[in-house]
There are 2 protein chains.
Amino acid sequence: MSRTPPNPPGATRPQASSTAVARLAGVSQSTVSRVFSAGAAAVSAPVRERVMKAAAELNYRPNALPGILQTGRSGIIAVVVGGFYNPFFTEFLRCVTGLLRERRLEIMLVDTASDDNLNDIVGELSRYRIDGVISAMAIHSAKVARKLESAGIPIVAVNSKRVGNMRTVSTDNRAAGGVAADVLVDGGCKRIAYLAGRDSQAQSERERGFLKRLEERGRRKPERVLAGFSYEEGHAAAVELLSAGSRPDGMFCVNDLVALGAMDAIRQAFGLSVPGDIQVVGFDDIPMAGWRAYELTTFHQDMEALARGSVELLVDEPANPRITVPCRLVPRGTTRL
Amino acid sequence: MSRTPPNPPGATRPQASSTAVARLAGVSQSTVSRVFSAGAAAVSAPVRERVMKAAAELNYRPNALPGILQTGRSGIIAVVVGGFYNPFFTEFLRCVTGLLRERRLEIMLVDTASDDNLNDIVGELSRYRIDGVISAMAIHSAKVARKLESAGIPIVAVNSKRVGNMRTVSTDNRAAGGVAADVLVDGGCKRIAYLAGRDSQAQSERERGFLKRLEERGRRKPERVLAGFSYEEGHAAAVELLSAGSRPDGMFCVNDLVALGAMDAIRQAFGLSVPGDIQVVGFDDIPMAGWRAYELTTFHQDMEALARGSVELLVDEPANPRITVPCRLVPRGTTRL
DNA sequence: CGTATCGTTGAATAGCTATGCAGGGGCGTA
DNA sequence: TACGCCCCTGCATAGCTATTCAACGATACG
């Protein structure tokens, strides 16, 4: 055990280098490198064994950094999520981490809501020579996208409008909005309301499809309340809606959290029944939508497909830079259908 | 614009080096480095300006890798979470990402349930010269901890038993278990049940404190049902318990997800009332515990404190390698108190 | 005017691995 | 024996930045 200089606080113990292993094993550094290289390198059995033994003794682990320095490829993908409050994001994260790990790519996590923050972060990611970015924020910034592009970092955005050369993968929000309209109309709803999210691509597409189908079926424009994306906001929006005296008998909500908040308001604060008095449709199919207290009719976003699309778009660079993933209605207990 | 060799698919556009900037600005590479170094380096105003202009033209971003190569410190912390299903983990993740970002540390995300997987991952993290690991798995592996230690990578574990030189930060699970017993006993419960999680430090500490206090207060051992950690498992466990004919009037659940599942079983499947027929206490205080349909009495884990403790323990390396964070009862509507 | 000092800049180097190139030895074949 | 070939190993190098040391000019002071 040789003495090493004192480390700054929090420093890792200095790692053995391949040169040190080589010295101990009585071979050259190249040979050590070959032993640890993935390809079936040409190393004789006895030498290989000696190297392995020396490596074990020194606790040697190959260092990826010099390789990155030469190739410029770090094998690291940044995943940007816009707030963890929504289980939708965490489920997406779960799927993506699994897929990236299969491809032996590392995940750098970036959590941000504000744009300023993201601006700094672009610089930070460049410093580490990130190979690409998968962005699953609720609200995307065109400015940041362009900045990444100018830095030469490819980006895939989920449920986002296309900016520059950005690749996108999206749920077919518009089609689902249409189906939501069908469900409520076919279920016999006469006075329909829409609980909207803040401005985002997903939100506006869902609303567009919903409005279009309602119009096609001869209904007038539904009442619209701004709810945001959270349970509390959904609850407040429903209270506002029902307090104002309007009594809708059908509600389409921008996502499940909003829908669940609205349901609780309808039932607890107003003593009304779902689906008896008001039918409710959500979006995302987060686990809570299936909980017995809710049994929410909603749309299942195929997270597995969204995640796979993101990774393929980023890594394989297929010809078509945009993927649309269908999503399916999950009929449960909050609608008549 | 000089020609560069073709890139492999998915490669980032090659980044300009400080040497290239230096050439364009007509200065030395050292000078460019000084302009971009944080400390107020001694560079004259006109030179600085010329360098900045050249850098902007080439879209230059400093490369962190050579520095890492020399110092051995990557500025990257790995955060290991054991499954995203529990909002507890995601909330922890949110807090930790914020704190690490403040300290200008990057986050490498590792999601794993299985140990085998983790074993590979230790090697992977060494390759990137990770500065440290924050582990928030439900179930920790002593083997992995030792392997990390032998690799010289410091580790902080949350709600885990101490292994080797590992640093730990934990909620005071045992004390909280005692308070849970008080709440149920003081609330008048006569037949108390415990819905247990799978083997983990948090689980066993909560149970230990709970049992000890019940004994101190002259109650006999509560009925114990194994539930796991999820909503579905909690639901199933409660169904099992109530179907078996035993009719507890108080329940302490290893976490909120289990408690919410149990509540839905009690109410929907058996038509019983909470807290009328059965009082329920959970653990974690995830957002859903406050939802109007549940209003679950539970213990708030101070995630902010747990996260801060983790980061400080890892980065500042204080004398005491273990931190215990108190947690507080949040009385809501599922108990009489 | 001589010297010390300071501010600014350049040259050289360390940090570690993968890889191309060359050399050495062994073996088979003519 | 001579030659060619293959297998294995070592040598040298690129990749980029921060930092140390030296050098240079200018300024200030005695």
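First the proteins, then the strands, lettered A, B, ... as listed; each starts at 1.
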Query raised in the report: How close or far is atom P of C:dT19 from atom CD1 of A:Ile68, stated in whole angstroms?
Result: 14 Å

Query raised in the report: Which angle, to the nearest 10 degrees, lies between the helix axes at the two ends of the helix from C:dC1-D:dG30 to C:dA30-D:dT1, each defined by five pairs?
Result: 50°

Query - Under the ring-ring contact (aromatic ring centres under 6.0 Å, His included) test, residues paired with A:Phe92 that sit two or more places apart - result: none

Query raised in the report: Roughly, in whole Å, what's the span from CZ in B:Phe36 to P in D:dC16?
Result: 16 Å

Query raised in the report: Hey, does A:Ser33 reach any base, or is it just sugar-phosphate, or nothing, if we go heavy atoms under 4.0 Å?
Result: base

Query - Electrostatic pair A:Glu57-A:Lys53, nearest N-O below 4.0 angstrom - result: no

Query raised in the report: In chain order, what residues pass the salt bridge (charged side-chain N to carboxylate O under 4.0 Å, His left out) check against A:Glu49, with sequence neighbours excluded?
Result: none

**Report entry** Closest to side chain of A:Gln29, choosing from C:dA18, D:dT17, C:dG10
**Finding:** C:dA18

Query - d(CZ, B:Arg48; C1', C:dG7) in whole Å - result: 13 Å

Report summary line: Assert: residue with more 5' nearest nucleotide on DNA chain C, out of B:Val27 and B:Leu69, is B:Val27

Query - Partner set under side-chain contact (heavy atoms from CB on, under 4.5 Å) for B:Thr71, not counting sequence neighbours - result: B:Arg73

Query - salt_bridge(A:Glu149, A:Arg146) N-O dist < 4.0 Å - result: no

**Report entry** Separation of atom CZ in B:Arg127 from atom P in C:dC16, rounded to whole Å
**Finding:** 16 Å

**Report entry** Phosphate contact (C:dT9 OP1 or OP2) by B:Ser44 side-chain N/O below 4.0 Å
**Finding:** yes

Requested in this report: Could you work out which one of C:dT17, C:dG15, D:dC16 sits closest to the side chain of A:Pro66?
Outcome: C:dT17

Requested in this report: Please assess B:Val133 against B:Val156 for the test side-chain contact (heavy atoms from CB on, under 4.5 Å), listing each intermediate value before the final yes or no.
Outcome: CA-CA 6 Å; B:Val133 175; B:Val156 173; over 6 Å; no

Requested in this report: Apply salt bridge (charged side-chain N to carboxylate O under 4.0 Å, His left out) to A:Arg61 and list each qualifying residue two or more places apart in sequence or on a separate chain.
Outcome: none

Query raised in the report: Rounded to the Å, how far apart are A:Asn63 CG and C:dC16 C1'?
Result: 6 Å

Query - Under 4.0 angstrom between B:Ser37 side-chain N/O and D:dT17 OP1 or OP2 - result: no

Query - Salt-bridge criterion met for A:Asp316 and A:Arg103 (N-O under 4.0 Å) - result: yes

Query - A:Gln201 vs A:Ser160, side-chain hydrogen bond (donor to acceptor under 3.5 Å, both in side chains): CA-CA, chis, key distance, verdict - result: CA-CA 5 Å; A:Gln201 180 75 356; A:Ser160 161; over 6 Å; no

Query raised in the report: Phosphate oxygens OP1/OP2 of D:dG10: is one of them under 4.0 Å from a side-chain N or O of A:Thr31?
Result: yes

Query - A:Tyr60 side-chain N/O to C:dC16 phosphate OP1/OP2 under 4.0 Å - result: no

Query raised in the report: Are the charged groups of A:Arg101 and B:Glu124 less than 4.0 angstrom apart, N to O?
Result: no

Report task. Determine: side-chain N/O of A:Ser18 to OP1/OP2 of C:dT17, distance under 4.0 Å, yes or no. Result -> yes

Report task. Check every atom of D:dT17, D:dT9, C:dA11 against the side chain of B:Ser28 and return the nucleotide holding the closest atom. Result -> C:dA11

Query raised in the report: Going 5' to 3' along nucleotides 20-28 of chain D, which nucleotides have protein heavy atoms under 4.0 Å from the base (write B), which only from the sugar-phosphate (write S), and which from neither (write -)?
Result: B--------

Query raised in the report: Roughly how many Å is it from CZ in B:Arg23 to P in D:dC16, rounded to a whole number?
Result: 10 Å

Query - Whole-Å gap separating P (C:dC16) and CD (A:Gln15) - result: 10 Å

**Report entry** Length of the line joining A:Arg129:CZ and D:dC16:P, which is rounded to integer Å
**Finding:** 8 Å

